Amino acid sequence: MKKILLVFLLASFSLFGQSDENTCELVSKINTLLQQEHFKPKKVDDSLSVYVFDNLIDALDFNRNIFTKKEYLKLRKHRLKLDNYILKNNCSFMNEFISIYKTALIRKKNVLEKIQNDPFDYTKNDSIRFSKKNFPFDLVAKDLDYVWKKRIKYTILEDISKMTTNLDSLTENFSELEKITKAKLFDANLCQVNTILETKNQIEVDLQNAFLNLFCTYFDPHTNYFSLAAKSNFMSGLSSSTLSLGLIFQLNEKEQIVIAEIVPAGPAAKSNKFEKDDILLEISNTRNISYTVSCSSIDKVGEMIFSDTNPTIELTIQKKGGAVTKVILQKQFMKATDNAVYSFIAENDTKIGYINIPSFYSNFDNNIIQGCTDDVAKEIVKLQKENIKGLVIDLQNNGGGSIEEAIRLSGIFIDRGPFSILTNNKKDQIILQNEYEGSLYNGPIVLLMNGNSASASELFAAAIQDYNRGLVIGSTSLGKATMQSIAPLDTAKEESFVKVTIEKFYRITGESNQIKGIIPDVALPILFDSIIPREKSYATAFKNESIIPKIRFAPLPNNNFSQIIKLSNSRVKNSAIFNKIRMANEEINALYNNPKKPTRLAFTDVFEDVHENDSLWNQFKKIVNRESNFTLSNTADDLEKIKKDTFLQDINSYKIENLKNSPYLEEAIAILNDYNNLLKK
């Protein structure tokens, strides 16, 4: 599934009209909304035109093997004119994009059908080039057979090479493996093309959608076009409960979507028709929309599985024995277990509480506010019964969520006061603060972050830093300091929406973490940190700015902070595990930044290329699997809760297994021990 060619980079939404007039009507409504509500609206000009055109072309033909040079040049005449078309309400240019793209796909289908039965010669002196930048559009129609043969030939050799590190075994069985792999690849490619071509209005719908979404992202990377289904899917990811099938999916080693877990008491469990490792073959809803999994993008399959707009769906699954069965399931509201806050007791010399907050989820469906803050409060109460001497809050990979939850969470740890400043397009300063006096937890805090910690996570971390309430450790966060709201384009129909950036948030000092991110008090080396895409990697991201705040606040004294940071930096500098991570990152950076040499399309060359970095991956495994000097255990309350529930026991074991060797938690515990030891002096 990871290799499935997504039809469009940004086309995970569905539209309700496909005419030129409908496109212009929608883009006009979007532009009106953005000019009025967006934090920093932009003119519809040549700059927008170039951005939308270039990104649309990349979405349609990123690998430069669909359009010929002649077709690209024909489309390129629109590159500086899209803004004029939009302002004149003339979207007929879409017809040319649709026509050329459809022609290119039909040609691709014909080429694949023509060459699929041709024998492939692996002794020819062909090679394939790699580049991080886009190749130019220089394809000629007469060369398509050769281009696609070469592309599929490489994929065949790559897939076979990945089967094992035993070159002799693969070489001995190459003929048979090549035949099977080749048939599988052609079937998948043809299935994908046929699905696009044969689904009514598929090209028109996806092209229109991609165009509208790119129009939105020109204003900033977090302003997006949403259909009703996409909006529902997005909101469910931030909610504390959601309509669910009660199934957890994952990719297996063959890159198929399989059932990883069956949630107790959920619709799937009640049906008694599912088992772990069942393979998902097809999915359909009550509106006769159906996706063959191997032919569809993960986005489209995921939207149908998770969106509230598909309350009843039919799953076609393949059992272990090969039998295929269809099951109709009605979704029901269930706790979003992927989002749920959880805690452990981490113990070395003393008991330290650990709380993981995967996202700042909230209940958006009821008037009563109940989200991650309430769940964190419950975990703190349980941990305090265990007489913890410090608390680690883990926001690693927390991409944000509800800003309101971030403010409420800050109030658990900081007494009444301002936590952040919001500004809108009128330059108003809106002070976000906790209205309740007193805090639930007053002990020492260490906050864990990484490059995937974003938005609401950054607001919360900034408040902890600015009030000297705790120390932030890890790596610099993502750098997103903007707030979005979802607005319908038509309040009467509510079929199309825009997630629009309406505000920026600033620290109470007046500084912003936009682009800059939250800089940790103690920097820890983290694998792959330098290649994580942060806010600065988006072409349309806002710049970093500061404001003069109209508020005052009283930070807590930071007694011993400088000494604790010094002790931690010394420990990290001399740490064997952190030094291994630093050295591994140097290799990662060299691998990522240095241009990759062309590879000859011979099996031994591709095999060597695939396994060139095996030693590096083995090094990663050793780093991840190293033993730590702390133990993890459940609170007494959690032990009582899970002792009779095998599913919860499995989930609990999985979480402990993922955390037990963490050098980041280990250093956080050491910092809290330093804090407590210095207090005794």
Side-chain angles (χ1 to χ4, degrees), residues 238-242 244 263-265 333-347 351-396 398 400-415 419 434-448 456-457 460-461 463-464 469-470 632-645 647-656 658-659 665 668 672:
L238 303 178
S239 181
S240 57
S241 61
T242 183
S244 173
V263 181
F333 272 99
M334 300 183 70
K335 182 76 174 178
T337 54
D338 286 348
N339 278 343
V341 166
Y342 60 89
S343 71
F344 292 112
I345 300 165
E347 195 165 356
K351 284 187 177 181
I352 300 297
Y354 168 88
I355 296 180
N356 185 290
I357 308 175
S359 73
F360 283 84
Y361 55 85
S362 188
N363 190 339
F364 294 94
D365 300 316
N366 301 320
N367 292 325
I368 301 172
I369 299 175
Q370 186 175 356
C372 73
T373 303
D374 302 273
D375 291 341
V376 169
K378 291 172 185 174
E379 299 303 319
I380 287 174
V381 170
K382 290 188 287 188
L383 290 167
Q384 285 179 326
K385 290 180 184 178
E386 305 286 344
N387 297 314
I388 60 170
K389 301 302 180 184
L391 181 64
V392 179
I393 301 173
D394 193 345
L395 295 181
Q396 293 179 105
N398 182 322
S402 167
I403 296 295
E404 289 82 1
E405 285 296 328
I407 295 300
R408 293 180 67 222
L409 187 67
S410 300
I412 287 183
F413 304 104
I414 304 169
D415 204 347
F419 297 139
N434 177 32
E435 298 296 337
Y436 304 99
E437 292 188 8
S439 53
L440 179 62
Y441 175 78
N442 297 309
I445 296 171
V446 170
L447 199 90
L448 284 172
S457 292
F460 175 71
I464 294 294
R469 184 60 189 85
L632 289 173
S633 59
N634 296 104
T635 62
D637 287 5
D638 282 343
L639 281 174
E640 185 66 25
K641 181 181 177 181
I642 68 176
K643 69 180 183 181
K644 294 181 181 179
D645 191 322
F647 175 73
L648 290 180
Q649 289 169 15
D650 289 344
I651 294 294
N652 186 65
S653 297
Y654 174 78
K655 290 173 179 175
I656 288 177
N658 280 342
L659 185 63
L665 177 53
L672 289 167

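Note that this is a predicted model, so its numbers are computed, not measured.
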Shortest non-hydrogen separation from D638 to E379 and the atoms involved:
OD2-OE1, 4.1 Å

Kindly write out the residues that satisfy side-chain contact (heavy atoms from CB on, under 4.5 Å) with I651, not counting sequence neighbours, or none if the list is empty.
F647, K655

Indicate the atoms forming the closest heavy-atom contact of G401 with A456, along with that distance.
N-CB, 4.0 Å

Quick check: do R408 and D374 have side-chain heavy atoms less than 4.5 Å from each other?
yes

Could you tell me whether the side chain of S362 and the main chain of G371 form a donor-acceptor pair under 3.5 Å?
no

Do S457 side-chain atoms and N398 backbone N/O form a donor-acceptor pair below 3.5 Å?
yes

How about V341 and V376: do any of their side-chain heavy atoms sit closer than 4.5 Å?
yes

Side chain to side chain contact (heavy atoms under 4.5 Å, CB included) between L383 and I355, intermediate numbers included
CA-CA 9 Å; L383 290 167; I355 296 180; 3.7 Å; yes

Not counting sequence neighbours, which residues clear side-chain hydrogen bond (donor to acceptor under 3.5 Å, both in side chains) with D415? List them please.
none

Which atom of Y354 lies closest to which atom of N356, heavy atoms considered:
OH-ND2, 3.0 Å

Would you indicate whether the side-chain heavy atoms of L659 and L665 approach each other to under 4.5 Å?
yes

Identify, with sequence neighbours excluded, every residue that meets side-chain hydrogen bond (donor to acceptor under 3.5 Å, both in side chains) alongside S439.
N442

Output for pair (L409 CG, S402 OG), nearest 0.5 Å, gives 10.5 Å

For the residue pair N652 and Y654, confirm or rule out a side-chain donor-acceptor distance under 3.5 Å.
no

Would you check, one step at a time, whether the test side chain to side chain contact (heavy atoms under 4.5 Å, CB included) holds for F413 with L440?
CA-CA 6 Å; F413 304 104; L440 179 62; over 6 Å; no

The criterion is side-chain contact (heavy atoms from CB on, under 4.5 Å); which residues satisfy it with L639, sequence neighbours excluded?
N634

For E386, what residues pass the side-chain hydrogen bond (donor to acceptor under 3.5 Å, both in side chains) criterion, not counting sequence neighbours?
none

Does some side-chain heavy atom of L395 sit less than 4.5 Å from a side-chain heavy atom of L448?
no

Listed partners of Y342 passing ring-ring contact (aromatic ring centres under 6.0 Å, His included), at least two apart
F344

Would you please name every residue forming a side-chain contact (heavy atoms from CB on, under 4.5 Å) with K385, sequence neighbours left out?
V381, D637

When every non-hydrogen atom of L447 is compared with those of A461, the smallest separation belongs to CD2-CB, 3.3 Å

Between the CG atom in L672 and the CD1 atom in I445, the distance rounded to the nearest 0.5 Å is 9.5 Å

Please walk me through it: do T635 and I345 pass side chain to side chain contact (heavy atoms under 4.5 Å, CB included)?
CA-CA 7 Å; T635 62; I345 300 165; 4.2 Å; yes

Who passes side-chain hydrogen bond (donor to acceptor under 3.5 Å, both in side chains) against K643, sequence neighbours left out?
E640

Using the side-chain contact (heavy atoms from CB on, under 4.5 Å) criterion, which residues pair with S410? Sequence neighbours excluded.
F419, F460, A463

Taking E405's backbone N and O only, do any of them form a donor-acceptor pair with Y361's side chain (distance below 3.5 Å, no angle check)?
no

